[in-house]
Amino acid sequence: MVFSDISGFTALSERLAKKGRVGSEEVAAALNLVFSKMLDVAIGRGGDLLKFGGDALLLLFTGEDHGVRGATAAFEMK
């Protein structure tokens, strides 16, 4: 399993929240962009998304070399 949390997201979302609706849309757009790229990496390494949680992902890697593939995906998502 890989648990990935976006560093600095709370500070970013608090700063953008001061902009009101526009800030909320910017937060959503940022999350969509980052999660999309992270999921492309994880799926490319044979991972499955188990759960979204705020600014975090929980991913599952199973099968042959699951540990290596999970660690590699975590490194590449960094």
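Along the sequence shown, residues are numbered consecutively beginning with 1.
The ring-ring contact (aromatic ring centres under 6.0 Å, His included) analysis of residues 48-77, with sequence neighbours excluded, yields the pairs Phe35-Phe52. Every pair passing salt bridge (Lys or Arg N to Asp or Glu O under 4.0 Å) that includes a residue from residues 22-37 is listed here, sequence neighbours excluded: Lys19-Glu26, Arg21-Glu25.
With sequence neighbours excluded, the residues satisfying side chain to side chain contact (heavy atoms under 4.5 Å, CB included) with Phe3 are Asp5, Ala56, Leu58. Looking at residues two or more places apart in sequence or on another chain, you find a side chain to side chain contact (heavy atoms under 4.5 Å, CB included) between Ser4 and Met38. Under the side chain to side chain contact (heavy atoms under 4.5 Å, CB included) criterion, Glu76 pairs with Val41, Arg45, Thr72, not counting sequence neighbours. Take Leu60 and apply the side chain to side chain contact (heavy atoms under 4.5 Å, CB included) test, not counting sequence neighbours, and it matches Met1, Leu50, Thr62.
Side-chain contact between Met77 and Val2 is present, with heavy atoms from C-beta onward closer than 4.5 Å. Counting heavy atoms from C-beta on, the side chains of Leu59 and Asp48 never come closer than 4.5 Å.
Side chain of Ser13 to main chain of Thr10: a donor-acceptor pair is present (N/O by atom type, distance under 3.5 Å, no hydrogens or angles).
Interatomic distance, Ile6 CD1 to Leu57 CG, rounded to the nearest 0.5 Å: 7.0 Å.
Considering every non-hydrogen atom in both Ala42 and Ala73, the closest pair reads CA-CB, 4.3 Å.
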